[in-house]
Structure formats: structure tokens, C-alpha cells
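Just below is one structure, and these are the notes that go with it.
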Amino acid sequence: MAFTLNVNGTQHAIDAEDDTPLLYVLRDELGLHGARYGCGVGQCGACTVLSNGTPLRSCVVPAASLSERTLTTVEGLRAEDGKPHALLRAFVAEQAGQCAYCIPGMVMTAAALLKHTPRPTEAQIHAALDANLCRCGSHNRIVRAIQRAAEELAR
């Protein structure tokens, strides 16, 4: 089936089966490797992207069902001036990723949180990230990075 996806502000013509997961289209067809394959059942968060600003587990959603949505991957997360988003800079500054496998999903989930809750409490950050797994145990640094980005964005 042929359909169109708006990914990171660009329209892409896609020729894939109706049930092909978005994750596979992003990685295999568009060469966007930020979203990661973790569990394949939507429970770890490594594959998280934004769909109209809302976190979406790309491993379990058919790409063809998203043709009317605006999708953002970690590669497309930018500040208004085109520079890396404050979250990306904060994750680096706080050394928030040990192995970094989960980081794209954490960043995208945090981006949605900060859009709707510009100054989240630590409890709100923990709640937002509750379904994103980090096997390295970097959660404290990830929380600090999100707090740092929130402070920068508030200025």
C-alpha cells in the first residue's frame, strides 16, 4: 500500500504493507535510527516518537494509520532557531545516558511532558517516565536533565 507520512516536517511517500509498524518504516525506509527496537510490544518506550505532540510507541502502531498525523522523531527535535533542543543539550550536560539505548524514548516522552507542563515537579517527571524503561539505572540523571531543560526553556 502506498501512503504519505509527515515526519520531522517533511512529507514522505511510503510503499509498505498496511500492518508494517511505524518503527520499521522510520528505520528501514527513512533511515531514522533514533527510535530503537526494545521489546516489540510497546512496553519499554525505546521506540517512542511524537504523534501530533503525543508520545506514541512506534513498534506497535501500523505506519499506514498515521498518514493524517505529524510525526516527530528524536532527529527532528530542534529548538526554534534550528539548534538542538534544550532537552538534548541537558541530557548531554547531565550525562543522562549510560548505554543510551533508552534515551531517544526518554527525550521524546520528556518533550511531550514539557510542552504540556513547562515546569514539572519531580513527581510529574517520574509519572511521565514511568513506562519508559532504563536498564542502566540512569533515572536520577534523566530526571535532572529534564529539570535542567525545563529551567532553560522557562527563561
Considering all heavy atoms, the nearest Gly38-Cys44 contact: CA-SG, 3.6 Å
Pairwise side-chain contact, Cys99 with Arg135, heavy-atom cut-off 4.5 Å (strictly under): no
Reported CG-to-CG distance for the pair Asp28 and Leu23, which is rounded to 0.5 angstrom: 8.0 Å
Side-chain (Arg141) to main-chain (Ala96) donor-acceptor, under 3.5 angstrom: no
Check: Arg69 main-chain N/O paired with Asn52 side-chain donor or acceptor under 3.5 Å: no
Note: Arg144-Glu94 ion pair, threshold 4.0 Å (strictly below): yes
Any side-chain heavy-atom pair of Cys47 and Arg36 under 4.5 Å: no
Tyr101 (side chain) donor-acceptor with Tyr37 (main chain) under 3.5 angstrom: yes
From Thr10 atom OG1 to His12 atom NE2, the distance as rounded to the nearest 0.5 Å: 5.0 Å
Heavy-atom closest pair, residues Thr20 and Ala16: OG1-CB, 3.9 Å
From Arg27 atom CZ to Ser58 atom OG, the distance as rounded to the nearest 0.5 Å: 9.0 Å
Residues clustering with Val143 (ILVMFWY side chains joined when closer than 4.5 Å, directly or via others): Leu50, Val74, Leu77, Leu87, Leu88, Phe91, Ile103, Met106, Val107, Met108, Leu113, Leu114, Ile125, Leu129, Ile142, Ile146, Leu153
Derivation of the side chain to side chain donor-acceptor pair (under 3.5 Å) call for Asn8 and Thr72: CA-CA 5 Å; Asn8 299 331; Thr72 307; 4.7 Å; no
Side chain proximity check, Glu122 to Gln147, heavy atoms < 4.5 angstrom: yes
Nearest heavy atoms of Cys39 and Gly42, plus distance in Å: SG-N, 3.5 Å
Thr109 (side chain) donor-acceptor with Gly105 (main chain) under 3.5 angstrom: yes
Co-members of the apolar cluster containing Val7 [side chain, <4.5 Å]: Met1, Phe3, Leu5, Ile14, Leu22, Val25, Leu26, Leu30, Leu32, Val49, Leu56, Val60, Val61, Leu66, Leu71
Atom CD of Gln124 with >12 non-hydrogen neighbours under 6.0 angstrom: yes
Where Asp19 and Pro62 come nearest, the two heavy atoms and their spacing: CA-CB, 4.2 Å
Spacing of Gln11 atom CD and Thr70 atom OG1 [to the nearest 0.5 Å]: 8.0 Å
Atom of Cys59, atom of Pro21 and distance for their closest heavy-atom approach: O-CB, 3.5 Å
Heavy-atom pair with the smallest gap, counting every atom of Cys136 and Gln98: O-OE1, 3.2 Å
